[in-house]
Amino acid sequence: MSMQEIRVRFAPSPTGPFHIGGARSALFNWLLARKTGGKLILRVEDTDLERSTKESEENIKDALHWLGITWDEGVDIGGPYGPYRQTERLAIYRQYTDQLLATGQAYLCYCTDEELEAERQALMAKNEMPCYSGRCKNLSPDDEARFIAEGRKPTVRFKVPANVEIGFKDLVRGAVVFDSNGIGDFVIVKSDGIPVYNYAVVIDDALMNITHVIRAEEHLSNTPRQVLLYQALGFPVPQFAHISLILGKDRSKMSKRHGATSVEQYRALGYLPEAIVNFLALLGWSPVGEEEIFSRQELIEQFSMERVAKNPAVFDVDKLNWINANYMKKLSPEELAEMVIPHLEAAGYISGTLSPEKRAWVTEVAVALREHISYAAQIVDHVDIFFNDSYDFENDEARMLLQDVDLPRVITSFREKFHAMEVIDVPGVKALLKAVTKELKLGGKKVYMPIRVLLTGKTHGPELFHLIPLLGKERTLARIENTLKKI
RNA sequence: GGCCCGUUUGACAAGCGGUUAAGUCACCGCCCUUUCACGGCGGCUUCGGGGGUUCGAAUCCCCCACGGGUCACCA
C-alpha cells in the first residue's frame, strides 16, 4: 500500500498583523509536511476586500521567512494548482456556484441587511437559534422580478438539508457530530460576487488536493458547513485537525491587552526565530523525552499529531524568555552585537555607522551583558553604566558601601596598581583586584562592592573585570574621582 | 440562549484501568560567588464537583459547574 503524499496548507487572510496563533498553525502544518516529506501550500485568503491589504500579505510572508517556515507551492512561487490568491480564482468559484444553483443545492437570496438583522433580533428575543429562515428559498417569480427591479443584488445561499447528522473525524478531537438543524442556509457568495470564506476554502482545499486541514479551533464550528459543501460538490472530505487556541494570562483569547501578539512585535523586541518556533511548538504539542530545547530539525524529527493536546494553552512569556535566553547564549559575539545594536540606536546610545573600534567595543559590551538579558531589547536596561559617566547612587545600600572604614585603603591600593597597568584587559584586571584583596587582607566583598559603586553607582551589574577594561583607564579613574566628590 | 470543544500543581504538560501522578518554566531554599545573572542541588499539599461501571479510575459512562469557541454578505 502506497502512502498518499500529505498535502497541507496555511491559508491566512492578510487583514492585519500576523498573529502569533497564526504562526503556530503555520508551524504545525509545516512540521507535519516536513516530517512526512509532504507539501506545504501557502494560500492567501483575501476575499475580504475591505480589510485585505497587500502590505499585510507581505508582512505575513516576511514573518514566515523569518521563522524559517518554507512553503512548496503558493503565492510568489506558484505551483500546479494556482493561482494561490483567492481573488485570482473568482472564475473557478463561479463555475461551482453555477453548478450548485443548477442542481438546486443553492439559491439566490434578496434579503437586505436590515431584514436579516430584524429577523435575527426576533429569533434571539424568542431565545431561538438565530439562523436564516430560508424565506428566499421558494421565491415567486413575481417577487424575484420585483426585487431585481428594486435594484437588489442577491447573495447565493447554500441549502442546508434538514435532519442530517454531520460527523467527521478530527485528528485532535476525535469524532465530532453536529446536527444540520442547527445550521441555517448560509451565504456562500456575497452580493458583490465574491465567495465567502466557508465556500472558497472548500473549493480551494479540494482542488489543491489538500489531505489534512490543520487550523485553529475557532474553525471547528465552521467545519460542518464545509463538510456539507464537500458533499454537495462531490469532493472527498479531507482529514481535519483543530488545534486549540492560545490564551492570554487571564485565560481569554490572546489579544492586544495581553501584550505583544504579533510575530512582528516579538521580532522587534529581539527574540530569535528559533526560540519562537521552539516555544510555539511546545504550546500544544509535547515531546516524548525531557528535553525542551529543540532546533527546527529536531522538531521535525520528533513531531507527531498524536502528541498534540486538545486543551487551550496560556502563552507564558516567562518560558519564552527562558527559551530565548538559551538561544542567545549560542550566538557568536558578532551575531549578538547585530541583534543588540538596533536597540542601542533606538535608545539613543549610538548612531550612524560605527567605526571598527567602536563596533568592537559595543560587541564586548553586549558579551559582558549577555547573561543578564533574555531578549535583545533588554540590553537597554543594563547598558547605561557603559555609556553614561554621570550617575546617581542607585539606593541607600550603594551610599552605605562608600561609608566603609576600609574604603580609603581600597581606593589607594586600587588606584596605585591601576595606574601602573600598561594594558587594561580582563585577565589583568582580574589579577589586579585579587592583588588588592590580598594586600589589604580583605574579603572580596569589601573590595569589589565599593569599587562597583564608585564606578557605576549601583550595587550590581556585570563582572568588574569585564566592566573596567571596557571603560578604559581614563574613564575608570575619572569616575572614581567624580564619585568621591559626591560623598 | 442553541450547538461544539475543553477542564492534571501559578504556567506548559506526560499519563490511554493498577505509577511514589513524569519533565520543563516560574516561584522558594541551599550551594557556587565580588553583586545581579549564569550554573549545580533540593523543595514546590496537582487530577473542577457529584454520581456510576470495575477487585481497582486522572484514565471508561452520565449529570453539574466553570472556561473557551461559534452561530456575519469576517476569515
Side-chain angles (χ1 to χ4, degrees), chain A residues 11-15 45-48 50-52 86 109 111-113 116-117 120 123-124 126-132 153-157 170 172-174 176-179 181-184 186-198 200-201 215-225 242 244-245 247 249 251-253 279 282-293 307 309-323 325 329 369-373 382 397 401 433 437 443-453 458-465:
Chain A
S13 61
T15 53
E45 309 216 326
D46 56 349
T47 54
D48 185 341
E50 303 282 297
R51 297 192 301 146
S52 294
Q86 289 187 326
C109 170
C111 293
T112 62
D113 283 341
L116 293 170
E117 189 52 34
R120 218 185 336 262
L123 284 169
M124 295 274 257
K126 283 193 294 181
N127 247 339
E128 278 175 41
M129 179 91 162
C131 59
Y132 181 64
K153 292 259 182 288
T155 61
V156 180
R157 280 186 189 270
D170 191 282
V172 175
R173 276 149 226 292
V176 182
V177 183
F178 289 83
D179 182 349
N181 294 331
I183 305 171
F186 55 93
V187 172
I188 56 175
V189 181
K190 304 178 216 175
S191 55
D192 61 2
I194 307 291
V196 139
Y197 161 74
N198 273 131
V201 74
R215 72 214 327 182
E217 190 188 341
E218 57 193 295
H219 292 289
L220 190 58
S221 352
N222 280 145
T223 308
R225 290 177 181 73
H242 288 93
S244 61
L245 261 18
L247 271 28
K249 264 235 150 13
R251 302 211 134 265
S252 69
K253 193 174 169 180
F279 175 67
L282 257 20
L283 232 45
W285 169 81
S286 65
V288 174
E290 293 174 10
E291 186 57 43
E292 305 249 335
I293 301 293
R307 296 190 70 85
K310 307 180 204 297
N311 44 321
V314 172
F315 190 95
D316 182 9
V317 188
D318 285 333
K319 185 149 184 179
L320 204 213
N321 285 346
W322 174 76
I323 291 175
K329 281 177 203 158
L369 254 18
R370 93 197 293 168
E371 296 289 297
H372 297 255
I373 61 174
H382 302 269
E397 191 195 346
L401 278 161
L433 289 167
T437 56
K445 207 163 192 163
K446 287 275 216 176
V447 173
Y448 291 82
M449 287 306 278
I451 294 177
R452 175 181 299 285
V453 175
K458 297 185 195 308
T459 51
H460 34 245
E463 311 273 12
L464 280 186
F465 50 78

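The model shown is predicted, which means the values in this text are computed figures rather than measured ones. A note on names: the letters A, B, ... follow the listed sequences, proteins ahead of strands, and every chain is numbered from 1.
Taking atom C1' in both B:U24 and B:A13, the straight-line distance is 8 Å, to the nearest Å. With both ends at atom P, the span from B:A75 to B:U70 equals 14 Å, rounded to whole Å. Of the C1' atoms belonging to B:C60 and B:G1, the separation is 31 Å, rounded to the nearest Å. Taking atom C1' in both B:U20 and B:A58, the straight-line distance is 16 Å, to the nearest Å.
Side-chain atoms of A:E371 and A:K329, non-hydrogen and from C-beta on, do get closer than 4.5 Å to each other. With contacts defined as side-chain heavy-atom distances shorter than 4.5 Å, the pair A:R173/A:S244 qualifies.
The nearest whole Å value for the distance from the CD atom in A:E218 to the C1' atom in B:C4 is 14 Å. The nearest whole Å value for the distance from the CZ atom in A:R51 to the P atom in B:C73 is 14 Å.
Residue A:R452 places its side chain closer to B:U34 than to any other of B:G68, B:U70, B:U34. When distances run from any side-chain atom of A:E45 to the nucleotides B:A75, B:C73, B:U34, the shortest one goes to B:A75. Considering only side-chain atoms of A:V314, the nucleotide from B:C25, B:A11, B:C4 that sits closest is B:A11. Counting only heavy atoms from C-beta on, A:D316 has its side chain closest to B:G10 among B:G10, B:A75, B:U7.
Side chain A:S191 to base B:C73: a donor-acceptor pair is found below 3.5 Å.
Where stacking is scored as ring centres under 5.5 Å apart with planes under 30°, A:W322 does not register as stacked on the base of B:C25.
Across all strands shown, the partner of B:G43 is B:C27, judged by Watson-Crick or G-U wobble contacts whose two distances both fall under 3.5 Å.
Between A:T47 and B:A75 there is a side-chain polar atom (N or O) within less than 4.0 angstrom of OP1 or OP2.
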